[in-house]
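Read the numbers this way: they start at 1 and go in the same order the structure lists the ligands and their atoms.
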Amino acid sequence: MAGRHFLQIPGPTPIPDRLLRAMHRASEDHRSSAFPTLTRSILSRLPHVVHQTNGEHFVFPSSGTGMWEAALVNTQQPGARLLAVRFGQFSHLFIQTARNLGYHVDVIETPWGESAPVDQIEAALAADTAHEIQGVLLVHNETATGVTNDVGAVRAAMDRAKHPALLYIDGVSSIASLDFQFDAWGVDCSIAGSQKGFMLPAGLGILGMSEKALARVATVTTPRSYFDLRPMRDQNARGYFPYTPALSLLFGLDDALTMLLDEGMDAVAARHRRMAVGVRAAVKAWGLHECAKRPEIASNTLTAVVMPEGQDASRVIDIAFKRYDVSLGAGLGELAGKVFRIGHLGDTNALTLAGALSGVEMALVDAGVPITLGAGVGAALQTWRVAP
Ligand code: PLP
């Protein structure tokens with residue numbers, strides 16, 4: 001098809017030309033005396049993305065899923081008890097990963113489309129007077145439903161319960177897009193991947209650890225090898241990695257950090273907010289509703305749109321892809337066929353989204369959903385035009 005493709009899934013996101021160029025490099029010797037410059041440039045700047053001064057950051061050749069494992073096996077003893085909220089496919093998979101590793105997870109079941117119930121987290125922790133629960137697992141931005149949690153409120157609940165559990169935050173679809181306050185929220189492990197807010201291909205797992213979490217690395221006895229932070233810390237301190245790093249992705253990450261930090265993380269978050277407001281206006285104008293049950297929990301990185309009763313979202317996604325060159329995210333888990341997801345994170349802007357929303361509108365009409373062509377796009381343009 002002539003023209004450009006609109007990759008409007010919530011990750012991987014479009015890669016800016018600048019980052020494609022940064023990665024288009026010959027391989028280099030990752031044991032050379034020059035190599036530490038790159039390692040240090042990345043590891044010293046990653047904390048700024050999440051406002052972290054307490055602890056360290058690590059980069060693995062991995063995806064986000066691997067960082068769930070890395071975070072747990074380096075900080076939790078075998079069979080430890082953890083607390084998690086399930087409110088979408090990614091929180092479900094985080095729980096599954098912990099269970100696959102032999103951890104015991106107490107799960108707070110929450111309707112998909114809702115946010116994590118802070119009162120229930122607090123009650124569970126307050127009831128655990130023996131402090132058996134060693135960690136709280138929370139997905140900051142549930143990519144399956146388009147819901148963002150208030151991590152600061154969860155930290156406040158943990159503090160009110162005076163509970164010492166570590167706080168693990170999956171920020172795969174929030175970090176480098178939404179405001180993320182590692183220090184202020186008392187996060188112990190932050191988990192990210194390269195293919196969303198960092199605007200790179202998949203292939204890097206990014207892990208932030210607090211001093212409190214790092215203190216556990218040396219003492220936990222959980223078997224680990226590839227994700228063992230001990231050799232990683234040792235080598236990183238000298239500017240190297242314990243095994244062959246994903247070099248081209250590291251060149252890309254280094255430049256992505258320059259892009260993000262030059263723009264400023266507050267400006268990055270504000271830009272994502274602005275894009276999201278327009279997409280939500282479009283959904284409203286179509287007469288459809290979002291999977292996120294309340295406006296205040298709606299995500300600024302993606303919007304999951306619920307199909308009218310009896311209509312299959314997969315059909316809209318397929319029409320959008322085949323006829324209009326727009327990729328939309330599918331419904332996952334119990335939302336399969338019920339929602340389609342519009343990614344509005346990373347390297348995108350109002351006009352790109354206007355094009356993508358036009359494709360969505362045509363696909364909806366083709367699939368038999370009674371909307372007026374231009375209604376959603378017009379509503380979005382109004383928000384983008386008047387927004388500062
Ligand atoms: N957590 C969240 C919130 C995600 O959105 C994803 C992927 O989309 C993952 C974890 C898994 O990350 P990956 O696909 O990079 O392994």
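Tested against H344 for a side-chain hydrogen bond (donor to acceptor under 3.5 Å, both in side chains), the candidates T301, N349, T303 yield a single pass: T303.
Within the structure, ligand 1 has Q195 among the residues with a heavy atom less than 4.0 angstrom away.
The residue among T97, L332, I9, T143 with a heavy atom at the shortest distance from atom 3 (C) of ligand 1 is T143.
Contacts of K196 with ligand 1, taken as heavy-atom pairs under 4.0 Å, involve the side chain alone. With a 4.0 Å heavy-atom cut-off, ligand 1 is reached by the side chain of W68 but not by its N, CA, C or O. Contacts of V172 with ligand 1, taken as heavy-atom pairs under 4.0 Å, involve the side chain alone. Counting heavy atoms closer than 4.0 Å to ligand 1, residue N141 contributes backbone atoms (N, CA, C, O) but none from C-beta onward.
Both cation-pi conditions hold for R4 and F6: the charged atom is under 6.0 angstrom from the six-membered ring centre and inside a 45 degree cone around its axis.
Below 3.5 Å of separation, one finds an N or O of G64 facing an N or O of ligand 1.
Taking the six-membered ring where tryptophan is involved, the planes of W68 and F94 are essentially parallel, since the angle between them stays under 30° and well short of 60°. In this pair, W185 and H140 present their aromatic rings perpendicular. The plane angle is above 60°, beyond the 30 to 60° band.
Short contacts between ligand 1 and D170, defined as distances under 4.0 Å to a heavy atom of the residue, involve ligand atoms 1 (N), 2 (C), 3 (C), 10 (C). Here is the list of ligand 1 atoms found below 4.0 Å of a heavy atom in S63: 13 (P), 15 (O), 16 (O).
Atom NZ of K212 sits in a crowded spot, with more than 12 heavy atoms from other residues, nucleotides or ligands closer than 6.0 Å.
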